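None of these values were measured; they are calculated from a predicted model. All chains are named by letter (A, B, ...) in the order of the sequence lines, taking the proteins before the strands, and each is independently numbered beginning at 1. The figures that follow rest on heavy atoms only: side chains count, while hydrogens, waters and symmetry mates do not.
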There are 2 protein chains.
Amino acid sequence: MNNVQEESLRERKRIQRRVLLLDIGHRLIATKGLRSLKVRDVAEAAGCSIGSVYNEFGDFDGLILTVNRETVQALTKRLTAVPTGNPVHQLHGLADTYLAFATEHPNLLRALFEHRMENDRPFPEDILLMVMEAFSLMHAPLVQLLPDRDGEDVAQLARMMFSAVHGIISLGLEERMVAVPPEQLRQRLAQFIDTHLAGLGISPG
Amino acid sequence: MNNVQEESLRERKRIQRRVLLLDIGHRLIATKGLRSLKVRDVAEAAGCSIGSVYNEFGDFDGLILTVNRETVQALTKRLTAVPTGNPVHQLHGLADTYLAFATEHPNLLRALFEHRMENDRPFPEDILLMVMEAFSLMHAPLVQLLPDRDGEDVAQLARMMFSAVHGIISLGLEERMVAVPPEQLRQRLAQFIDTHLAGLGISPG
DNA sequence: GGACGAAAATGAACAATGTTCAAGAAGAAT
DNA sequence: ATTCTTCTTGAACATTGTTCATTTTCGTCC
C-alpha cells in the first residue's frame with residue numbers, strides 16, 4: 001500500500017459520491033424542509049443504493065448532522081466576514097448577516113436548531129462548539145465597547161444578545177406565526193440593537 | 001333525539017376517553033419528548049385500540065396539536081396571572097413566568113414551537129392566535145411606560161421584546177447548547193430587560 | 001494481465017410506525 | 001325485543017429507517 005496521500009480510484013469515487021449525497025441532502029432540506037427528507041429520495045437522486053448512504057454516513061442522522069455542520073460553517077463564514085472597524089457597526093452587521101442568512105436559508109437554519117437525535121443520543125460536540133463560536137462573535141465588539149466590564153460578564157452579555165437576535169429572527173420569519181416582512185424585520189432588529197446599546201450606555205455611533 | 005344538552009352514555013364515555021388520551025399524550029411528551037411519542041404507546045396506555053385515537057383526533061397530528069393547544073393555554077393562564085400594578089415589575093414578571101414555565105415544561109414548550117405539520121398542511125389558525133395573544137402580553141405595560149409612542153410601534157416593540165426573551169430562554173435552557181443554570185439565567189434575563197428598558201429611556205423603577 | 005482477497009455496493013428483507021377500513025360490538029330508537 | 005346507527009377494534013397496509021448476505025468492484029501480487 002502506498003502510504004503517500006495519493007487518491008486511489010476508490011477514494012476518489014467515495015469522495016465524489018459523498019459530496020453528491022451531501023449536495024442532494026442539502027438541497028432537499030433547503031427546498032422541502034428537514035421533515036420531508038427521506039433516505040430513499042436521497043439515494044435515488046444520487047443514483048445509488050440505500051445502503052451506500054449508510055456506508056458513507058453510518059445512519060440517517062449522520063447525513064443530517066453533516067449537512068448541519070456545513071450550515072453552521074457557512075453561517076460562521078459569513079458572520080466572520082462582517083467588517084470589524086467600528087464595533088457598533090459590527091454588531092449591526094452581525095445581526096443583519098444573521099437575518100440575511102435566515103431569510104435565504106430558513107429550512108437549513110431550522111434543521112440546525114430543531115433536529116433532535118434519535119433515542120437521546122448525545123448531540124455532537126463539534127457542532128455545539130461551532131454554534132457557540134458563532135454566537136460568541138458578538139463578544140469582541142462588546143469588549144471594545146465595554147472595556148471596564150468583567151470579562152465573564154461581557155461574554156454572557158454577548159450570548160444574551162445573540163440569543164435575543166436569534167429569537168427575534170427565528171420567530172419573526174416563522175411563516176406559521178404571522179411573519180414580519182424581512183425588510184421591516186431588518187429595521188426593527190437594528191432599532192432593537194440600538195436600544196439595547198443605549199441601555200448599556202453606548203451611543204449609536 | 002333530545003336536543004337538550006344532556007350527556008348520553010356515548011358522549012360521556014367519549015369525553016372520558018378523550019381526556020384520558022390527552023392526559024397520556026401530555027405526559028408522554030413532557031417526559032420523553034415529542035419525538036418519542038407513538039400512537040401505539042398512547043393507545044396501549046389508554047387501554048384502547050389504535051383506531052380510537054384516530055376516531056377522536058382524526059390523525060396523529062390532531063392529538064399533538066390538541067396537547068399544544070393546552071400548553072399555550074396553560075402558559076397564557078400563568079402569564080395573565082402576573083400582577084399588573086407596576087409596568088416594569090410586570091415585564092419582569094412576564095419574563096420570569098415564561099422562564100419558569102420553560103424550566104418546568106421544556107418538552108411541552110418545544111413541542112409547541114418545533115412541531116411541523118405533515119405534508120405542508122397549514123398550521124391551525126387558533127393556535128397561532130393564542131401564541132400571538134401570549135406574545136402580546138407585553139404590550140399593555142409597554143403602552144403605560146411609553147404613552148407618547150405610536151401604537152403600532154409599541155406593538156412591534158412588545159413583540160420584539162417577547163421574541164428576544166423567548167430566544168434567550170429557549171437557547172439558554174437547551175441542554176444541547178451548554179445550558180445556563182436556571183437561576184443564573186433568571187438574573188441575566190432580568191438584567192437584559194432592565195438594560196433594554198434603560199435604552200428606551202425608562203428607569204428600573 | 002489474470003488470480004486472489006479485501007473493500008464496497010447492492011437491494012431484498014426486516015422493523016418501527018402512521019393510517020385505513022371491513023367486520024363486529026355497543027348504544028339509541030321504536 | 002328488534003332494528004338501526006354509531007363507535008370500536010385490530011388486522012392489514014403504506015411509509016420509511018435499518019440490516020446484512022450476496023454480488024460487484026478495486027487493489028495487489030505474481
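Using a 4.0 Å heavy-atom distance criterion, A:Y54 is classed as a base contact. When heavy atoms are screened at a 4.0 angstrom cut-off, B:L63 is found touching no nucleic acid atom at all.
Put simply, CG on A:L65 is 14 Å from P on D:dG17, counting in whole angstrom units. Atom CZ in A:F60 sits about 14 Å away from atom P in D:dT19, given to the nearest Å. We find that CZ of B:R121 is positioned 14 Å from P of C:dG18, with the value rounded to whole Å. Separating the CD atom of A:E118 from the C1' atom of D:dT18 is a distance of 11 Å, rounded to the nearest angstrom. Here D:dT18 presents its P atom at 12 Å from NZ of A:K38, a figure rounded to the nearest Å. Atom CD of B:E56 is separated from atom P of C:dT19 by 16 Å (rounded to the nearest Å). As a whole-Å value, the separation of A:D61 CG from D:dG17 C1' is 10 Å. When rounded to the nearest whole Å, the span between CZ of B:R14 and C1' of D:dT9 equals 18 Å.
Between B:F162 and B:F135, the ring planes are parallel. Angles under 30° get that label, and only those over 60° would be called perpendicular.
Taking the side chain of B:S49 as heavy atoms from C-beta on, and the options D:dT18, D:dT9, C:dG27, the nearest nucleotide is D:dT9.
Of the side-chain N and O atoms in B:S52, one or more sit less than 4.0 angstrom from OP1 or OP2 of D:dT9. Listed pair A:R40 / C:dT10 fails the phosphate criterion, with no side-chain N or O lying under 4.0 Å from OP1 or OP2. Using a 4.0 Å cut-off, some side-chain N or O of B:N55 falls inside it from OP1 or OP2 of D:dT8. An OP1 or OP2 oxygen of D:dT9 is reached within less than 4.0 angstrom by a side-chain nitrogen or oxygen of B:R17. Contact check, B:K13 against D:dC7: no side-chain N or O comes under 4.0 Å of OP1 or OP2.
No N or O donor and acceptor, one from the side chain of A:R10 and one from the base of D:dG27, sit under 3.5 Å apart.
A donor-acceptor pair under 3.5 Å links the side-chain atoms of B:S36 to the main chain of B:K32, judged by distance alone.
Between A:R110 and A:E174 there is a salt bridge, with a side-chain nitrogen of the basic residue lying less than 4.0 Å from a carboxylate oxygen of the acidic one. Using a 4.0 Å cut-off between charged side-chain N and carboxylate O, A:D61 and A:R116 make no salt bridge.
Taking the six-membered ring where the residue is Trp, the centroids of A:F123 and A:H115 are separated by 6.0 Å or more.
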